[in-house]
Amino acid sequence: MKDAYSPKPEHKFTFGLWTVGNSGRDPFGDVTRKGYAPIEAVRMLSKLGAYGVNFHDNDLVPIDATVAQRNKIVKEFKKALNDCGMCVPMATTNLFYDPVFKDGAFTSNDARVRAYAIQKTMNAIDLGVELGATVYVFWGGREGAEVDFGKNPQEAIKWFREAMNFLCAYVKDQKYDLKFALEAKPNEPRGDIYFPTTGAYLGFITTLDYPGMVGVNPEVAHEQMAALNFPHAVAQALEAGKLFHIDLNDQKYSRFDQDLRFGSEMVKAAFFLVKLLEDSGYAGSRHFDAHAYRTEDRNGVKDFAAGCMRTYLILKDKVQKWNADAEIQGLVKEIIVEDPKLQALSKKYSRANAQALKKAKLDRKQLVKHPLRYEKLDQLTMEVLLGVR
Ligand code: GCO
Ligand code: MN
Ligand code: MN
């Protein structure tokens, strides 16, 4: 069905190869379907209107592939991308699947594993850049602990910093046009993962050798696992100029990583997220990091992928309606109180401003009388979302 909500490449929707490649296996049960192989994924997603695909090194090239095998795979994959007009905006390293990373990659207690993680990442960066990636994601699924007495968390942060500094310098030395985006998650697969939230990474980035090269890749589900407000994390990243990438999916609060179809659970939060992204002029990919329910077959995977993009576009349309709604805008205007004189005094400290502010007449009993019509605003927003407005 082609309508106003049909995705097109200009919408910049991307999917990880691992998302439609997911075969339904979970910790309790085996595969329920054949996942889409890389070239199949490119073909299927381009038909649905996506812009590109992203991958971990080993989604495309098996970890034990010879150089000749690697080159053959890359050549065939490039051809499929070309034939379908698809691109690879982002790439990443798998630093979690192989048993060698059982105690972490950049933060493993074993210096040899840490070195191997950096080596593997340099090769994966080369692969990503060869396929056109300009954003490189770091998700440290195994960078954590179950037993805090066995690994010094301050040391672990230092090791992680050393790895980031090393890899930033590598990218600069190779003259690659590549930025890093750090993706936080509170737990799973480790009992606890270091840098559990986007905010933690935003703080850490300022301690790096090349902070300008490094931003964040927040994921809806990861903040919602911790019962946090995801749009607030995104707002902080946007405000800091650090939203280099985003992982869209959905999740009920405080559960295991559910990786649900975008917008399928917390619609109001998804609406506000789309509003933030669209109003801010965020120009990066709208990347989906989710997978179809385990109950689905291969057709269901298509329903899943199409649904992610369609819901985004429906919510984008709702954002336009919300922004153009005179009554809603009137309420917003009423809620926000401007006072140029006071704002000038409190914007920046000077001794004179401080003196004047101390003398300003601010009657709290009067101030409290200003009505804040949030009930009405929220109801009107719900009516936009529910399609009666
Ligand atoms: C997860 C993560 C991963 C990463 C991916 C890209 O919870 O498994 O979200 O899907 O996003 O490894 O780095
Ligand atoms: Mn995730
Ligand atoms: Mn993710």
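All of these numbers come straight from a predicted model, not from anything done at the bench. Indexing begins at 1, ligand by ligand and atom by atom, following the structure's order. Reckoned from all heavy atoms, side chains included, excluding hydrogens, waters and symmetry mates.
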Looking at Glu296 and Val301, would you say the former's side chain and the latter's main chain have a donor-acceptor pair under 3.5 Å?
no
Hey, what's the ring geometry for Trp139 with Phe96, parallel, tilted or perpendicular (30° and 60° as the breaks)?
perpendicular
Is the backbone of Arg33 close enough, under 3.5 Å, to the side chain of Arg298 for a donor and an acceptor to pair up by distance?
no
Check whether any side-chain heavy atom of Trp322 sits under 4.5 Å from a side-chain heavy atom of Val332, and report yes or no.
yes
One finds that the ligand 1 atoms under 4.0 Å from a non-hydrogen atom of Glu183 are 2 (C), 4 (C), 6 (C), 9 (O), 11 (O), 13 (O)
Once you restrict to heavy atoms under 4.0 Å, what part of Asn217 touches ligand 1? Side chain, backbone, both or neither.
neither
Closer than 4.0 Å to some heavy atom of Val137 - which atoms of ligand 1 meet that?
13 (O)
With rounding to 10 degrees, what does the angle Glu183:OE2 / the Mn ion (ligand 3) / Glu219:OE1 come to?
90°
Should the proximity of Glu188 to ligand 1, defined as any heavy atom under 4.0 Å, be assigned to the side chain, the backbone, both, or neither?
neither
Under 4.0 angstrom from ligand 1, any heavy atom of Phe138?
no
Could you tell me which atoms of ligand 1, counted from 1 in the order shown, lie closer than 4.0 angstrom to a heavy atom of Asp247?
11 (O)
Tell me the angle that OD2 of Asp247 and OD2 of Asp289 form around the Mn ion (ligand 3), rounded to 10°.
90°
Tell me which protein heavy atom sits closest to atom 8 (O) of ligand 1, plus the residue, atom name and distance to 0.1 Å.
Trp139 CH2, 3.4 Å
Would you please classify the geometry between the Tyr136 ring and the Phe180 ring as parallel, tilted or perpendicular, with 30° and 60° separating the classes?
tilted
Which atoms of ligand 1 have any heavy atom of His222 under 4.0 Å away?
1 (C), 2 (C), 7 (O), 9 (O)
Within the supplied structure, the quantity of interest is the number of heavy atoms (other residues, nucleotides, ligands) at a distance under 6.0 Å from Glu375 CD; does it exceed 12?
no
Identity and distance of the protein heavy atom lying nearest atom 10 (O) of ligand 1
Asp289 OD2, 2.8 Å
shortest atom 5 (C) of ligand 1-to-protein heavy-atom contact is with His56 NE2, 3.2 Å
